Structure formats: C-alpha cells, structure tokens
Amino acid sequence: MKAFRKRILVTGGAGFLGSHLCERLVGEGFDVLCVDNYFTGARDNIVHLLANPRFEAMRHDVTFPLYLEVDEIYNLACPASPIHYQFDPVQTTKTSVHGAINMLGLAKRIKAKILQASTSEVYGDPTVHPQKEDYWGNVNPVGTRSCYDEGKRCAETLFFDYYRQHRMRIKVARIFNTYGPRMHPNDGRVVSNFIVQALRGEPITVFGEGRQTRSFCYVDDLIDGLVRLMDSADETTGPINIGNPGEFTIVELARKVIDLTGSRSKLVYEKLPADDPMQRCPDITLAREKLQWEPKVPLQEGLRRTIAYFEEMLRAGTHTALQSLSAGRG
Ligand code: NAD
Ligand code: UDP
C-alpha cells in the first residue's frame, strides 16, 4: 500500500519567504506545490528544487480561483516590500482579499488546514509597545500603505469568519520584519538595501532621522515558527506574533552593516515615507507558550549570512532579479 504523504500548497512559493518554506517542506519529505505569479518572486529562488520529484511549480495569480487537492495551504502570496505593494495598490488589495477568499474557498471544499501570512503592519504605527496580539492597531485606512495594511487586516477578518462560520482549521501568523538570503536585491526593504549599498560602496539611505525602530528576524527562525504554527493543536488559531524581539533603530542597523561589510559607505538622510511606523517590536509570549518557539539567530550572525549571499550575487551578477524589477517596476 502507498504510504500517505502530505501534499502542501505554498502560495507565493517563489518569493523570499515562500522559497525557504518550500525548501524546508520538501526537505521534510512532503509533496510541495508552489503557486506564484512571479510578480516579486523569481524562478531563481526555486530552481534548485525543480529537479526534485516531490516539488512542483505552477504559474497562477491567486486573485483567480484555483482547483486542486492538498492537505495544507500556506497562503503567502502578496508583495511585501513597500515599493512593490505600492506599485499597483489595487492589485495588492485584490491579492490579499480576493486571494484569501479563493484560498479559503479552496480549503473549505477540500477540508484543508490553512495558514495566513499576516503581518505586523496590522498594528500600523503602534501606540502600544511592544505589540501583543490583543492590540487592535493604529492604521491609516486611506494612506499609501493602506492597500497592504488594510488588505492584510481584511484577510484576517475573512480567516476568522470562515473559522466561525464554517468551522475550518485556520492559523494566522503576524510576521514581523524578516531578512535573509533570497531577499530581492532591488525590493527596497531596509536590510537588503543597506547591504547592497554597503557592498557597492554607495551611500546608505537612512529615511528620516533613522530613529524609528524595527525588530529583525532571520528567515530560518521565521520558517520554523510558521511550520510549528501549522503543526500546532487545532485550537491554536492565532493571531500569533512571529518575530525577533531584539529591537534596533535604523541607524544602528546601518552601522552594523557598515561594520560587517567593512564598507566605506556614508549615511545619507532622506525623507521619511508617509505613515512609516516609528517603532515596532513583537511580544512573543504567545509563540513561546503555544509553539515552544523563539528565534535563535542573533542579528549579527543573520546579517553575516545575508551579506555572504549578496556578495556572491553581486560578484556573479547573474540573478534575473538584478535586471527585472529595476528595469520594469522598481
Ligand atoms: P515576496 O515579495 O518575496 O514574496 C511574495 C510572493 O508572492 C512573490 O513570489 C510574488 O511573486 C507572489 N505573489 C504576489 N502576488 C501574487 C498573486 N496575486 N498571485 C500569486 N502570487 C503572487 O515577499 P516575502 O517577504 O516572501 O513575503 C511573503 C509573505 O509574508 C507575504 O504575504 C508578506 O505579506 C508576508 N510578510 C513578510 C514579511 C517580511 O518581512 N518578509 C513581514 C510580514 C509579512
Ligand atoms: N528604510 C530606510 N532606508 C531604506 C529602506 C528603508 O531607512 O533604504 C527604513 C524605512 O523607512 C522603515 C524601515 O527602514 O522605517 C524598515 O523599512 P522596510 O521597508 O524594510 O519595512 P517596513 O517599513 O515595512 O517595516
């Protein structure tokens, strides 16, 4: 008799986090189906998995319905960097909202367990610090970040309504800033920006005075948190914060990157983008209790690994990401 092997769908599987998740799940022996429209993702991110018979990639936009059979769904499809989610804000909202409706509809029909990659952005510019899951947030509903923040908030609403109305097995992870290899070199997020600028000897672009804070989680820790959440007891629905509680100002981050790269780059100060949150730090008590999870990789070590990745990418100069987004969209 054929042994049962879990089939897992990862939407956004060719993106930064999605590709690491696919790799982890394939490594654990599961059948993995990656669905992506390659808006910010890249085939380079999953090319090493394509020869594996347990891995399959499919081009599809989650704003359209999808019919297939799987046991679990990780819904990660959505551009995550401000310049990319603001490039086509209507599509961003559709991806979060229609994407959630389509994936929840799929999960309902096939009775699959489904996890939503939500975000610390649901807290907006928080007035409570650090942020706990019971804080409702401080979000501008009509600003330039709203397509992402409100799209993700609406997706959470949908998850909990499907849970209450249809008794589905749902999991909602609120992901805080995560970094690591396979971040898009041109996607404008702070860690990749600073590393690429430092390695190229270009000025490090600090927005505002750089006193705003973020908490940076290394990608391996984050993926471990997502998998533990998916595997947790059914009553553990979340929302649950997954992030690293170490909090740094943006200037502190810039100085660390300069130190670790040995770069001669200087800091330049640019205008702070609209609605840029002033502070962000997760309270991860719930993740510690319910998932026995906490991050293990310190910022210094995670930055070292990420710098090594970008050094190699810049040296080889072959990653399609280096051309595609800067030419068309970035
Ligand atoms: P990413 O941009 O690298 O990956 C997103 C992936 O989704 C890309 O491969 C993209 O092509 C794909 N995608 C976008 N729209 C799609 C659509 N309509 N249909 C199918 N695929 C689509 O971003 P990431 O950092 O890997 O983020 C993954 C998820 O985690 C996102 O949902 C994001 O909101 C969430 N998240 C990430 C962070 C972080 O710091 N990386 C923080 C909070 C939340
Ligand atoms: N930031 C910066 N320089 C950059 C890119 C970003 O100072 O080149 C700042 C940005 O204004 C924000 C923080 O770094 O305060 C994190 O930005 P990112 O886009 O990575 O994530 P988010 O704002 O979504 O947390």
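All figures in this text were calculated on a predicted structure; none of them were measured in a lab. Ligands are counted one by one from 1 in listed order, and the atoms in each one are counted from 1 as well.
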With heavy-atom distances below 4.0 Å as the criterion, list the atoms of ligand 2 near [X].
X	answer
Gln212	9 (C), 11 (O), 15 (O)
Arg145	22 (P), 23 (O), 24 (O)
Arg189	19 (O), 20 (O)
Pro82	19 (O), 24 (O)
Gly188	5 (C)
Asn177	21 (O), 22 (P), 25 (O)
Asn193	4 (C), 5 (C), 8 (O)
Asp276	10 (C), 11 (O), 12 (C), 15 (O)

Considering the heavy atoms of [X], write down every atom of ligand 1 situated less than 4.0 Å from one of them.
X	result
Gly12	6 (C), 7 (O), 9 (O), 12 (C)
His60	19 (N), 20 (C)
Tyr38	11 (O)
Gly41	8 (C), 9 (O), 10 (C), 11 (O)
Thr178	39 (C), 40 (O), 41 (N)
Ala77	7 (O), 20 (C), 21 (N), 22 (C)

At under 4.0 Å between heavy atoms, is it the side chain or the backbone of His84 that contacts ligand 1, or both, or neither?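 Neither; nothing of His84 gets under 4.0 Å from ligand 1.
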
Can you tell whether the side chains of [X] and [Y] come within less than 4.0 Å, N to carboxylate O?
X	Y	answer
Lys296	Glu301	no
Glu28	Arg24	yes
Arg174	Glu156	yes
Arg228	Asp231	no
Arg5	Asp31	yes

What do you reckon, does [X] have a nitrogen or oxygen under 3.5 Å from a nitrogen or oxygen of ligand 1?
X	answer
Thr119	no
Val62	yes
Phe39	yes
Thr63	no
Leu17	yes
Arg189	yes
Val35	no
Ser120	no
Asn37	yes
Asn177	no

Is there a heavy atom of [X] sitting under 4.0 angstrom from any atom of ligand 1?
X	result
Gln91	yes
Ala14	yes
Lys152	yes

Give every residue pair that meets the salt bridge (charged side-chain N to carboxylate O under 4.0 Å, His left out) criterion with at least one member in residues 175-186, sequence neighbours excluded.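 Applying salt bridge (charged side-chain N to carboxylate O under 4.0 Å, His left out) to every pair that reaches into residues 175-186, excluding sequence neighbours, yields Glu23-Arg182.
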
Once you restrict to heavy atoms under 4.0 Å, what part of [X] touches ligand 2? Side chain, backbone, both or neither.
X	result
Glu121	side chain
Gln279	neither
Val191	neither
Ile250	side chain
Pro277	neither

Any side-chain heavy-atom pair of Val32 and Glu56 under 4.5 Å: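 No - every pair of side-chain heavy atoms lies 4.5 Å or more apart.
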
So Arg109 and Glu69, do their side chains get closer than 4.5 Å, heavy atoms only?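 Heavy-atom side-chain distance check passes, below 4.5 Å.
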
Within the structure, does [X] bring an N/O atom to less than 3.5 angstrom of an N/O atom in ligand 2?
X	answer
Val190	yes
Phe207	yes
Arg280	yes
Arg214	yes

Does the ring of Tyr38 carry Arg59 above it, NZ/CZ under 6.0 angstrom from centre and within 45° of its axis?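 No, a cation-pi geometry is absent between Arg59 and Tyr38.
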
Check the orientation of Tyr85 and Tyr148. Use parallel for under 30°, tilted for 30 to 60°, and perpendicular for over 60°.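 If you compare the ring of Tyr85 with that of Tyr148, the planes turn out parallel.
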
Could you label the plane-to-plane angle of the Tyr162 and His166 rings as parallel, tilted or perpendicular, counting under 30° as parallel and over 60° as perpendicular?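 Tilted: the ring planes of Tyr162 and His166 meet at 30° to 60°.
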
How far is atom 29 (C) of ligand 1 from the closest protein heavy atom, and which atom is that?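 Looking only at protein heavy atoms, the one closest to atom 29 (C) of ligand 1 is Leu76 O, 3.3 Å.
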
Among Asp259, Ile258, Val251, which residue meets the side chain to side chain contact (heavy atoms under 4.5 Å, CB included) test with Arg255?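 Option passing the side chain to side chain contact (heavy atoms under 4.5 Å, CB included) with Arg255: Val251.
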
Which pair of heavy atoms, one from Gly243 and one from Pro282, lies closest together, and at what distance?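 Nearest pair, atom of Gly243 first, then Pro282: C-CG, 3.9 Å.
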
